[in-house]
K.L.:
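Have a look at the structure that comes next, please.
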Amino acid sequence: MNLLDRNSLALIVPLVIIQLVIQIIALVDLYKREHVIGGKKWIWALVIIFGEIIGAGIYLIFGRKDA
């Protein structure tokens with residue numbers, strides 16, 4: 001029995017794709033936005049990248065600042 005059989009891959013692959021899509025959306029939004037909470041875009045980029053889906057969610061909910 002393999003550690004990653006077909007059933008596991010059928011669950012893991014869509015979750016990884018969803019995570020990557022959300023991270024890309026957050027990074028593109030961060031790039032386009034002039035102002036963010038805290039004023040430091042590079043910190044938010046680290047939160048999005050290393051925080052994975054949680055970090056991207058935190059940015060999308062709390063980090064964006066309207067002009």
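All values below come from the heavy atoms of this structure, side chains included, with hydrogens, waters and symmetry mates left out.
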K.L.:
Indicate yes or no: at least one non-hydrogen side-chain atom of Gln23 is less than 4.5 angstrom from one of Tyr59.
P.N.:
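They are not in side-chain contact.
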
K.L.:
When you measure from the side chain of Trp44 to the backbone of Ile37, do you find a donor-acceptor pair of N or O atoms at a distance under 3.5 Å?
P.N.:
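A pair under 3.5 Å: yes.
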
K.L.:
Is there a path of hydrophobic side-chain contacts, each under 4.5 Å between heavy atoms of I/L/V/M/F/W/Y residues, joining Ile18 to Leu60?
P.N.:
yes

K.L.:
Can you check whether Arg64 reaches Asp29 side chain to side chain, under 4.5 Å on heavy atoms?
P.N.:
yes

K.L.:
Say you draw a straight line from CD1 of Ile48 to CD1 of Ile43; how long is it, rounded to the nearest 0.5 Å?
P.N.:
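It is 12.0 Å, given to the nearest 0.5 Å.
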
K.L.:
Could you pull out the closest heavy-atom pair between Pro14 and Leu9, with the gap in Å?
P.N.:
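For Pro14 versus Leu9, the nearest heavy atoms are CD-O, 4.0 Å.
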
K.L.:
What about Val16 and Ile53, same hydrophobic cluster or not, with Ile/Leu/Val/Met/Phe/Trp/Tyr joined at side-chain heavy-atom distances under 4.5 Å?
P.N.:
no

K.L.:
Might you point out which heavy atoms bring Leu30 and Ala45 nearest each other, and give the distance in Å?
P.N.:
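So the minimum-distance heavy-atom pair works out to CD2-N, 3.6 Å.
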
K.L.:
With clusters defined by side-chain heavy atoms of hydrophobic residues (ILVMFWY) lying less than 4.5 Å apart, directly or transitively, does Ile58 cluster with Ile25?
P.N.:
no

K.L.:
Should Val47 and Val21 be regarded as members of a common hydrophobic cluster, given that ILVMFWY residues are connected when their side-chain heavy atoms come within less than 4.5 Å of each other, either directly or indirectly?
P.N.:
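Different hydrophobic clusters.
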
K.L.:
Say you draw a straight line from CD of Glu52 to CD of Gln19; how long is it, rounded to the nearest 0.5 Å?
P.N.:
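Here the interatomic distance stands at 4.5 Å.
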
K.L.:
Would Phe50 and Leu15 show up in the same hydrophobic cluster when neighbours are defined by side-chain heavy atoms closer than 4.5 Å?
P.N.:
no

K.L.:
Grab the two heavy atoms, one from Tyr31 and one from Lys41, that are nearest each other, plus how far apart they are.
P.N.:
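Taking Tyr31 first and Lys41 second, the nearest heavy atoms are O-NZ, 3.4 Å.
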
